[in-house]
Amino acid sequence: VYRTGYRLNPIYDEEVADLTNEQLSVAQVAELRAVNDEMRRALDRIQLTETELRQKNETLAEAQRQLAEERQHLENLNQNLELQVAERTASLAEANRKLMFREQQWQALFNRAPDAILVADDEGRYLDANPAACELFGLPKKKLLQKSIADFADPGVDVKQLWQEFLQTDHMTGVFAVHRPDGSVRKAEFSAIAHFMPGRHLSILRQQPDTPAAQEQELVSTATHPQP
């Protein structure tokens, strides 16, 4: 076989046996056969490698497909999560708005109530008081919140014992004689609820009209005992 004036190497012929003895020696024929065998084995290895590569490509393609599916699944989950977060955020915002509205309502009621409203801790110390309470007790709020119920009770009343009874019964009503810092005494009907919140106790007092001095002892006594 010739191509542009050059003869192809005999090892590329299909049949080495076709070569005549005049063309190649026995040793050359044997060598060519060995080369051809090696080439066949190389071709087999190439084919095997191509098959393996094809299989690996198929495996890679399958892995890529699965990866794409997983990515899509994660994107869907992320979208759902974002939607849930947005809905939850909107729900919390609405709940906070309603809570703030209720707090504003309570604060408005607390501040404008004509009756004195006070909140005390477990020791009877005042934690909050509305303007009506400040007027009844004769102190500005800042100073009133430095006091306890014992600071305004009749000296002859065992406030500690009565306070413990109140905490145990959860509710108490009566008349309380408020001994103000200026020395005056104001009498007020009261209703108290213990533990309306953990560690918090509510008292509401309404000042009575002036009462004759002869009834003072009876009114103070009434205030020290819970009604059945």
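- For the pair Ala113 and Ala132, the tightest heavy-atom approach, listed with the atom from each and the gap, is O-CB, 3.6 Å.
- Looking at Arg112 and Asn130, their side chains never come closer than 4.5 Å, going by heavy atoms from C-beta outward.
- A salt bridge does not link Asp44 with Arg41: every distance from a Lys NZ or Arg NE/NH1/NH2 to an Asp or Glu carboxylate oxygen is 4.0 Å or more.
- At least one side-chain heavy atom of Gln208 sits under 4.5 Å from a side-chain heavy atom of Glu189.
- Within a 6.0 Å radius of CD in Glu31, no more than 12 heavy atoms belonging to other residues, nucleotides or ligands are found.
- The side-chain heavy atoms of Ile117 and Ser203, taken from C-beta on, include no pair separated by under 4.5 Å.
- Cluster membership check: Leu109 does not share its hydrophobic cluster with Leu205, using side-chain heavy-atom separations under 4.5 Å among Ile, Leu, Val, Met, Phe, Trp and Tyr.
- Atom-to-atom distance recorded for Leu83:CG and Arg88:CZ is 14.0 Å, nearest 0.5 angstrom.
- Annotation: side chain of Phe101 is in contact with side chain of Gln105 (closest heavy-atom distance under 4.5 Å).
- Transitive grouping of hydrophobic side chains (ILVMFWY, heavy atoms separated by less than 4.5 Å) brings Ile149 and Leu136 into a common cluster.
- The distance from atom CD of Gln64 to atom CG of Asn57, rounded to the nearest 0.5 Å, is 9.0 Å.
- To the nearest 0.5 angstrom, Tyr126 atom OH is 11.5 Å from Cys134 atom SG.
- With rounding to the nearest 0.5 Å, the separation of CG in Leu48 from CG in Leu53 is 9.5 Å.
- No more than 12 heavy atoms of other residues, nucleotides or ligands sit less than 6.0 Å from atom NZ of Lys147.
- Note that CH2 of Trp106 is 14.0 Å distant from CG of Leu99, once rounded to the nearest 0.5 Å.
- Looking at heavy atoms from C-beta onward, Arg71 lies out of side-chain contact with Leu74 at the 4.5 angstrom threshold.
- Remark: Glu58 does not engage Arg65 in a salt bridge, criterion side-chain N to carboxylate O under 4.0 Å.
- Closest approach of Phe176 to Ala153, counting heavy atoms only: CZ-CA, 3.7 Å.
- Counting only N and O atoms by type, the side chains of His201 and Asp122 include a donor and acceptor under 3.5 Å apart.
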What do the steps show when you test Arg186 against Glu135 for salt bridge (Lys or Arg N to Asp or Glu O under 4.0 Å), and what is the final call? CA-CA 11 Å; Arg186 292 191 181 181; Glu135 194 282 328; 2.8 Å; yes
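- When hydrophobic clusters are built by joining Ile, Leu, Val, Met, Phe, Trp and Tyr residues whose side-chain heavy atoms come closer than 4.5 Å, directly or via intermediates, Leu202 is not grouped with Leu145.
- Leu162 and Ile204 sit in two unconnected hydrophobic clusters of ILVMFWY residues. Membership requires side-chain heavy atoms under 4.5 Å apart, directly or through other members.
- Around CZ of Arg206, the count of heavy atoms belonging to other residues, nucleotides or ligands within 6.0 Å does not exceed 12.
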Applying side-chain contact (heavy atoms from CB on, under 4.5 Å), run through Leu167 and His195 and close with a yes or a no. CA-CA 8 Å; Leu167 295 180; His195 313 293; 4.2 Å; yes
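- Closest approach of Arg97 to Glu94, counting heavy atoms only: NH2-OE2, 2.7 Å.
- No side-chain heavy atom of Asp170 sits less than 4.5 Å from a side-chain heavy atom of Ile193.
- For the pairing with Leu144, the side-chain contact (heavy atoms from CB on, under 4.5 Å) check across Asp128, Leu118, Asp151 returns one residue only, Leu118.
- Using a distance-only test at 3.5 Å, with no hydrogens or angles considered, a donor-acceptor pair links the side chain of Thr49 to the main chain of Arg45.
- Of the possible polar contacts, one joining the Thr59 side chain to the Gln55 backbone as a donor-acceptor pair under 3.5 Å is found.
- Put simply, the side chain of His171 does not reach to within 4.5 Å of the side chain of Thr169, judged on heavy atoms.
- Side-chain contact of Glu103 with Gln107: a donor-acceptor pair under 3.5 Å is absent, judged by distance alone.
- Transitive grouping of hydrophobic side chains (ILVMFWY, heavy atoms separated by less than 4.5 Å) keeps Phe110 and Phe190 in distinct clusters.
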Walk me through whether Gln84 and Asn80 qualify under side-chain hydrogen bond (donor to acceptor under 3.5 Å, both in side chains). CA-CA 6 Å; Gln84 292 176 4; Asn80 291 335; over 6 Å; no
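- Taking CG of Leu127 as the start and CZ of Arg200 as the end, the distance is 5.0 Å to the nearest 0.5 Å.
- Among all heavy-atom pairs drawn from Trp163 and Asp121, the shortest one is CZ2-O, 3.3 Å.
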